[in-house]
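Everything numeric in this text was worked out from a predicted model, so none of it was measured. Each residue takes its place number in the sequence, starting with 1. Start at 1 and go down the list; that is how both ligands and their atoms are numbered.
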Amino acid sequence: MKPIRKAVFPVAGLGTRFLPATKAIPKEMLPIVDRPLIQYAVDEAREAGIEQMIFVTGRGKSAIEDHFDIAFELEKTMAERGKSLEVLEPTRLGPGNCAYVRQQEPLGLGHAIWCARAIVGDEPFAIFLPDEFMVGSPGCMKQMVEAYNRLGGNLISVLEVPRETVSSYGVIAPGARDGDITEVTGLVEKPKVEDAPSNLIISGRYILQPEVMRTLESQEKGAGGEIQLTDAMARMIGTQPFHAVTFAGKRYDCGSKAGYVQANLAIALGRDDMGAEIRAFALDLLK
Ligand code: G1P
């Protein structure tokens with residue numbers, strides 16, 4: 001079984017829900033306290049043993065490339081002033097550890113992943129949707145890689161949501177369940193509530209076999225008139241093992257403003273350097 005060495009981060013989205021904040025900066029660069037969302041996703045990938053980060057970007061997204069580069073002037077000035085550069089350590093991705101490819105038109109998530117096919121090559125790979133902010137120890141992808149090492153094939157992370165909200169997501173038809181692993185017998189992207197096969201949604205982490213690239217090649221448009229990754233995965237069920245992993249940690253939907261604020265509050269409350277101060281402030285505010 002080939003190990004998971006590469007991860008694809010589709011980051012070409014326009015981020016219209018966060019305007020005007022995202023007019024000139026990518027939504028993936030919005031911070032949770034002091035770390036951009038995309039940095040959390042890359043850290044989660046590293047924790048899972050992944051070495052190469054592949055970003056599918058678009059116009060106006062160059063801040064992401066700068067973030068993972070060396071910041072020469074900043075580092076030189078900080079060093080001269082005797083300041084520690086430790087905080088910048090996780091932001092450095094050398095040439096062997098990152099690659100960027102552009103999705104020129106917004107044709108859907110499936111199309112974005114397909115744009116990375118030449119860099120992914122013929123090996124299984126991970127996908128991270130950075131909007132889905134997963135907090136836990138071990139991280140979501142590490143938990144999935146451990147499951148992959150036992151099961152092989154394809155894996156997606158899932159979580160339960162209130163039934164009335166399923167239409168915003170990809171939904172699984174669940175088969176047999178064994179602890180945190182559920183067999184996937186079907187997949188539907190953004191179903192109507194009454195048609196949804198369950199309330200278990202795909203929560204933004206995937207481990208897929210390279211055959212998905214070939215499947216995407218011939219994928220017709222689906223929900224929202226976009227080429228959907230979910231539809232391509234659905235066509236692979238039955239030809240390869242397909243399982244869902246229920247993540248043991250917390251998930252924040254940072255594609256929504258409320259979820260983003262919740263994530264900031266939760267992370268701030270959990271930090272040694274500010275947790276007590278924020279807690280006292282929040283309690284006072286709620287009085
Ligand atoms: C995408 C996927 C969907 C998944 C969701 C998670 O949808 O297509 O299957 O459940 O992310 O956030 P999007 O949010 O891009 O509409």
Which atom pair, heavy atoms only, marks the closest approach of Gly175 to Thr182?
O-CG2, 3.9 Å

Of all residues at least two apart in sequence or in a different chain, which pass the side chain to side chain donor-acceptor pair (under 3.5 Å) check with Glu75?
Arg92

State, yes or no, whether a side-chain contact exists between [X] and [Y] at a heavy-atom distance under 4.5 Å.
X: Met134; Y: Ser157; value: yes
X: Leu229; Y: Val212; value: yes
X: Lys27; Y: Tyr260; value: no

Between ligand 1 and the protein, which N/O pairs are shorter than 3.5 Å?
from     : atom 1 : to     : atom 2 : distance (Å)
ligand 1 : 7 (O)  : Lys190 : NZ     : 3.3
ligand 1 : 8 (O)  : Glu189 : OE1    : 3.3
ligand 1 : 8 (O)  : Glu189 : OE2    : 2.8
ligand 1 : 9 (O)  : Gly170 : N      : 3.0
ligand 1 : 9 (O)  : Glu189 : OE1    : 2.7
ligand 1 : 9 (O)  : Thr230 : OG1    : 3.4
ligand 1 : 10 (O) : Gly170 : N      : 3.0
ligand 1 : 10 (O) : Ile202 : O      : 2.6
ligand 1 : 12 (O) : Glu132 : OE2    : 2.5
ligand 1 : 16 (O) : Lys190 : NZ     : 2.7

Look at the side chain of Lys61 and the backbone N and O of Gly13, then say whether any donor-acceptor pair between them is shorter than 3.5 Å.
yes

